[in-house]
Amino acid sequence: MTTPRLMLLPGMACDADMWRAPLAALDAAGLSQALRPLVSDALAHGDTIGAMAQAVLAESEGELILCGASMGGIVAMEAARQAPQRIRGLALLGTNARPESPDMRALREQAITVYQRPGGVEDIIRANV
């Protein structure tokens with residue numbers, strides 16, 4: 001029996017850097033070789049949570065343990081709904097189990113527009129400091 005692969009899903013406006021310390025801890029504990037962790041970039045490949053979940057499932061074959069932060073957790077839950085036979089475990093960090101509402105989708109789309117605009121994130125941070 002093969003050990004399931006650990007897939008890490010960052011939240012919106014995050015990237016692989018958020019997983020640097022946890023990946024180092026897995027490596028130090030000698031778990032990297034067995035779990036073969038992979039940081040997903042699936043949140044950048046879809047307009048809907050369902051499409052993002054499909055992208056997650058397409059990134060790696062076989063069984064998965066999904067660890068998602070914020071929106072990554074919502075995508076992880078959807079991936080588990082779409083392919084329950086492939087998901088061996090879920091770790092959900094700072095997320096919720098409610099389906100995406102039209103208001104939340106609109107907020108997410110607005111945030112993506114801001115994050116993609118040069119200087120957009122910096123403007124938000126400066127305005128709130």
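Remember, predicted model here, so these are calculated numbers, not experimental data.
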Between CG of Leu6 and CG of Leu31, what distance do you get to the nearest 0.5 Å? 9.5 Å
If hydrophobic clusters are built by linking Ile, Leu, Val, Met, Phe, Trp and Tyr wherever their side-chain heavy atoms come under 4.5 Å apart, do Val39 and Leu57 end up in the same one? no
Identify the heavy atoms of Gln82 and Gly50 that sit nearest to each other, and give their distance. NE2-O, 3.1 Å
I need the Leu26 CG to Leu8 CG distance, nearest 0.5 Å. 7.5 Å
Between Arg5 and Ser60 (side chain of the first, backbone of the second, donor and acceptor by atom type, cut-off under 3.5 Å), is there such a pair? no
Please find the pair of heavy atoms, one from Leu93 and one from Cys67, that lie closest to each other, and give the distance. CD1-SG, 3.7 Å
Ala51 and Gly46: which non-hydrogen atoms are nearest, and at how many Å? CB-CA, 4.0 Å
For a quick test of reading the model, state the closest non-hydrogen atom pair linking Met18 to Cys14 and the distance between them. SD-CB, 3.7 Å
Which heavy-atom pair separates Arg88 from Thr2 by the least distance, and what is that distance? NH1-O, 4.5 Å
Identify the heavy atoms of Ala80 and Ile87 that sit nearest to each other, and give their distance. CA-CG1, 3.6 Å
Taking a hydrophobic cluster as the set of Ile, Leu, Val, Met, Phe, Trp and Tyr residues connected by side-chain heavy atoms closer than 4.5 Å, whether directly or through intermediates, do Leu66 and Leu23 fall within one such cluster? no
Taking atom CG of Asp47 as the centre, does the number of heavy atoms from other residues, nucleotides or ligands within less than 6.0 Å exceed 12? no
Answer whether the closest heavy-atom distance between the side chains of Pro10 and Asp15 falls below 4.5 Å. no
The reported gap from CG in Leu38 to CD in Glu59 (rounded to nearest 0.5 angstrom) is 5.5 Å
Using side-chain heavy atoms (C-beta onward) and a distance below 4.5 Å, is Met77 in contact with Leu92? yes
Worked verdict on Val75 versus Glu78 for side-chain contact (heavy atoms from CB on, under 4.5 Å): CA-CA 5 Å; Val75 173; Glu78 175 61 17; 5.6 Å; no
Using modelled atom types and a 3.5 Å cut-off, is there a donor and acceptor pairing between side-chain atoms of Arg86 and backbone atoms of Ala79? no
Does Thr3 reach the side chain of Ile65, with side-chain heavy atoms less than 4.5 Å apart? no
Between Leu35 and Met7, is there a shared hydrophobic cluster once you connect ILVMFWY residues whose side-chain heavy atoms come closer than 4.5 Å? no
